[in-house]
Amino acid sequence: MNPGTAARADTARTPKGMHDVVWPESARWELTVARFARLVESAGYGLAITPVLEHAGIFHRGIGEGSEVVGKEMYTFADRDGQLMALRPEGTAPIARSFVQHHPVPPWKTWYIAPSFRHENPQHGRYRQHFQLGVEALGPADADLDAETVALAHEFLAGLGLRQVTLKLHSMGDGVCRPGYLALLGAYLAPRQAALCQPHQGRASENPLRVLDCKTPECRAATADAPHFLDHLCDPCTEHFGRVRSGLDALGVPFTLDHRLVRGFDYYTRTTFEFASGATPAAQNGIGGGGRYDGLVELLGGPPTAGIGFGIGMERVLMACDAEGTFPTAAPQLDAYVMDTTGGESALTLTAELRRAGLRVDRAFDGRSMKSQIRSADRSGALVALVVGPQELAAGTVGLRPLRGDAEQRSVPRADIVSELKGFLINAMFIEGPDTTP
RNA sequence: GUGGGCGUAGCUCAGUUGGUUAGAGCGCCAGGUUGUGGUCCUGGAGGUCGGGGGUUCGAGACCCCUCGCUCACCCCA
């Protein structure tokens, strides 16, 4: 370890590629997660919270040794017991591991918001720690579940107001037809090695699918006439994929078939899909993706169990929202802000009383001047300032001063402050009153 | 992991061919207004010039190393 790196350990900063999410940005996270939870819970999903750390083998076996994420980007280390541990690089394998461990009765539908770690070089929209919102449904192999799952992700993104998001769909076949297709693709590429881009020359035989995914003009040209997997699926896979497509059509979810869609994890079978934003830079326009992984549970030691899910990148989604300018404005944070220039005891008790009554209330501290306190009240975004000065203290009243709009400050008996404040807020339609509609 | 650009106050930035105690706007604090915000005026606080080393009488500026951000590649969310 060089001196510069060592010195860095003393500096108060987040590690490279990792970020604090603090207010007001964190308010968008809360709202986004809440929306996601409400949506997927309406579809029968329950929350799953799994450890950030797993035995590294879960990912080696599940995602695949050869994958970029496991081979080059995973945070792996031996803990104090000498066990090889890894920080979760994605959300699906831990859920499958959890299924194997607890053998719940399928269908088992879970959702998560989970930090994921990849040791790569960060840039805007790609971080060493990012958060994924996701769902996993284990058990059914039914193509309707594929359609439902894709539609759920689509509905979430559309519900955030995103309009420039496109959906790509493909099928990766299964253990029956994939070997045949890989051989076919390999045979197609073998005589064309020299035409591929530098990095892929000589390596095409290792993972021919990667070449399809490559964006260089050389590889694009060389694979222009490559066989499409969709033309070589086995009959059951063809039928399954046909039902997924008709299901999405029936649900009104637009998609395009993309024979170059190759996902980075080995566990995918049959249906795979990705959502991309047309509003963010191409390098990080992938905002989510997923697919079916019918062999994963068995791979991790469980019974043969089908599964499908998706992960959506929290940071990427918010980037897309920013790019499209669709994110809703934040609601006011506080109903009232308490000011007290008489020593603070009134503020202490009044604030507690109002909070017990269900109101959102903050107050000034450190006995600052009236002017200073009302400036804080204004900045806090509160709708009303409640003023306790010497006059109010002596008279047993509280000054109710509206901060938004042009209403006058008025004096309210201290004993009536909760009902008076609620009455004011309802009247001003800042909070919901009793439902008076028929 | 590879390559380009950039790091000066909380934020956005200025800082001449190297030359005294490093500046502005916004924000923050206080006062003007001895009881009242959003406007205005005045004042104040706040800086290891990302970090370390070097060249020099003298470095925010030049050189080397390093850390971070950023853009691209790779790959992905």
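Here is the naming used below: chain letters follow the sequence lines, and residue numbers restart at 1 for every chain.
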Worksheet item: Side chain of Arg404(A): nearest nucleotide among G1(B), G37(B), A77(B)?
Response: G37(B)

Practice prompt. Grab the two heavy atoms, one from Arg35(A) and one from Gly159(A), that are nearest each other, plus how far apart they are.
Written response: NH1-O, 3.2 Å

Worksheet item: Ignoring hydrogens and angles, does a donor from either the side chain of Arg316(A) or the base of C76(B) sit under 3.5 Å from an acceptor on the other?
Response: yes

Item to complete: Mind checking Gly399(A) for me? I need base, sugar-phosphate or nothing, with any heavy atom below 4.0 Å counting as a touch.
Response: nothing

Fill in: Heavy-atom side-chain contact between His19(A) and Tyr127(A) under 4.5 Å
yes

Worksheet entry | Check: Ser346(A)/Arg414(A) side-chain N/O donor and acceptor closer than 3.5 Å | no

Practice prompt. For Tyr127(A), report the nucleic acid contact type (base, sugar-phosphate, nothing); a contact means any heavy atom under 4.0 Å.
Written response: base

Practice prompt. In whole angstrom, give me the gap between the C1' atoms of G23(B) and A30(B).
Written response: 23 Å

Practice prompt. With heavy atoms under 4.0 Å as the rule, sort Gly17(A) into base, sugar-phosphate or nothing.
Written response: sugar-phosphate

Worksheet item: Among U2(B), G37(B), C69(B), which is the nearest nucleotide to the side chain of Pro122(A)?
Response: C69(B)

Worksheet item: Does the base of G35(B) carry an N or O that pairs as donor and acceptor with the side chain of Glu392(A) under 3.5 Å?
Response: yes

Item to complete: Can you tell me which stems RNA chain B forms, taking runs of 3 or more consecutive Watson-Crick or G-U pairs with both distances under 3.5 Å?
Response: B:1-7 with B:67-73, B:10-13 with B:23-26, B:28-32 with B:40-44, B:50-54 with B:62-66

Item to complete: Check the distance between A30(B)'s C1' and Asp366(A)'s CG and give it to me in whole angstrom.
Response: 14 Å

Practice prompt. Can you tell me the distance, in whole Å, between the NE2 atom of His124(A) and the P atom of G68(B)?
Written response: 19 Å

Fill in: U12(B) to U8(B) separation - C1' atoms, rounded to the nearest Å
12 Å

Practice prompt. Would you mind classifying the nucleic acid contact of Gln123(A) as base, sugar-phosphate or nothing, using non-hydrogen atoms under 4.0 angstrom?
Written response: base

Fill in: Distance in angstrom units between Arg368(A) CZ and G31(B) C1', rounded
15 Å

Item to complete: Using distance alone, with no hydrogens and no angle criterion, decide if Thr271(A) and Asp146(A) have a side-chain donor and acceptor under 3.5 Å apart.
Response: yes

Worksheet item: Can we say Arg210(A) and Asp213(A) salt-bridge, meaning some charged N sits less than 4.0 Å from an Asp/Glu carboxylate O?
Response: yes

Worksheet item: Checking all strands, does Arg210(A) fall into the base, sugar-phosphate, or nothing category for heavy-atom contacts under 4.0 angstrom?
Response: sugar-phosphate

For a quick test of your reading: what N or O donor-acceptor pairs under 3.5 Å do the side chains of residues 39-52 of chain A make, sequence neighbours left out?
| unit_1 | atom_1 | unit_2 | atom_2 | d |
| --- | --- | --- | --- | --- |
| Glu41(A) | OE2 | Trp111(A) | NE1 | 3.0 |
| Ser42(A) | OG | Leu39(A) | O | 2.5 |
| Thr50(A) | OG1 | Arg88(A) | NH1 | 3.0 |

Worksheet item: What is the distance, rounded to the nearest whole Å, between atom CD1 of Ile374(A) and atom C1' of A30(B)?
Response: 17 Å

Report all interatomic pairs (protein N or O, nucleotide N or O of nucleotides 40-42 of chain B) with separations under 3.5 Å.
none

Discussion item. Do Val398(A) and Val338(A) have side chains that approach each other closer than 4.5 Å (heavy atoms only, starting at C-beta)?
Written reply: no

Worksheet item: Looking only at atom types and distance, does a side-chain atom of Asp322(A) sit under 3.5 Å from a main-chain N or O of Gly325(A), one as donor and one as acceptor?
Response: no

Discussion item. Counting C-beta onward and ignoring hydrogens, is there a side-chain heavy-atom pair between Pro89(A) and Ile63(A) closer than 4.5 Å?
Written reply: yes

Item to complete: Confirm from the modelled atom types if Gln409(A) and U36(B) form a donor-acceptor pair under 3.5 Å, side chain to base only.
Response: yes

Practice prompt. Indicate, yes or no, whether a donor-acceptor pair under 3.5 Å links the base of G38(B) to the side chain of Arg379(A).
Written response: no

Discussion item. So Glu120(A), base contact, sugar-phosphate only, or nothing? Heavy-atom distance under 4.0 Å.
Written reply: base

Fill in: Atom of Thr305(A), atom of Gly139(A) and distance for their closest heavy-atom approach
CG2-N, 3.7 Å

Worksheet, complete the sentence: From CE of Met370(A) across to P of G37(B) the rounded distance in Å is 10 Å

Worksheet item: What is the nucleic acid contact for Leu403(A), judged by heavy atoms within less than 4.0 Å: base, sugar-phosphate only, or nothing?
Response: base

Worksheet entry | Spacing of Glu408(A) atom CD relative to G35(B) atom P, expressed in whole Å | 19 Å

Discussion item. I need the minimum non-hydrogen distance between Arg368(A) and Gln373(A), along with the two atoms involved.
Written reply: O-NE2, 2.8 Å

Item to complete: Take Phe265(A) and Gly405(A), find for each the nucleotide of RNA chain B with the closest heavy atom, and name the residue whose nucleotide sits nearer the 5' end.
Response: Gly405(A)

Worksheet item: Below 3.5 Å, does any donor atom in the side chain of Arg263(A) face an acceptor in the base of C76(B), or the other way round?
Response: no

Worksheet item: Does Arg375(A) or Asn121(A) map to a spot on RNA chain B nearer the 5' end, using the closest nucleotide for each?
Response: Asn121(A)

Worksheet item: Which whole number of Å gives the distance between the C1' atom of U34(B) and that of G27(B)?
Response: 28 Å

Fill in: d(CE, Met74(A); P, C75(B)) in whole Å
19 Å

Practice prompt. Rounded to the nearest angstrom, tell me the gap between atom CZ in Arg13(A) and atom C1' in U48(B).
Written response: 15 Å

Discussion item. Tell me if the side-chain of Gln129(A) makes a donor-acceptor pair with the base of A77(B), cut-off 3.5 Å, by modelled atom types.
Written reply: no

Discussion item. When the C1' atoms of G54(B) and A59(B) are compared, how many Å lie between them, rounded to an integer?
Written reply: 11 Å

Item to complete: Classify the nucleic acid contact of Ser116(A) as base, sugar-phosphate or nothing, counting any heavy atom under 4.0 Å across all strands shown.
Response: nothing

Worksheet item: What nucleotide among G37(B), C71(B), A77(B) has an atom nearest to a side-chain atom of Arg401(A)?
Response: G37(B)

Response to the item:
Note: Gly175(A) and Pro179(A) closest approach over all heavy atoms is O-CD, 3.3 Å

Discussion item. If I pick the C1' atom on C69(B) and the same atom on G50(B), what distance separates them, to the nearest angstrom?
Written reply: 10 Å

Worksheet entry | Asp340(A) (side chain) donor-acceptor with Thr342(A) (main chain) under 3.5 angstrom | yes

Worksheet item: Rounding to the closest angstrom, what is the interatomic distance between G15(B) and C62(B) at atom P?
Response: 13 Å

Practice prompt. Could you please name the option among A72(B), A77(B), G35(B) that lies closest to any side-chain atom of Val387(A)?
Written response: G35(B)

Discussion item. Say we look at G18(B) and G58(B): how far apart would their P atoms be, to the nearest angstrom?
Written reply: 16 Å

Practice prompt. Tell me what Ser369(A) touches on the nucleic acid: a base, only sugar-phosphate, or nothing, going by heavy atoms under 4.0 Å.
Written response: sugar-phosphate

Item to complete: Write down the distance separating the P atoms in A77(B) and U39(B), rounded off to the nearest Å.
Response: 47 Å

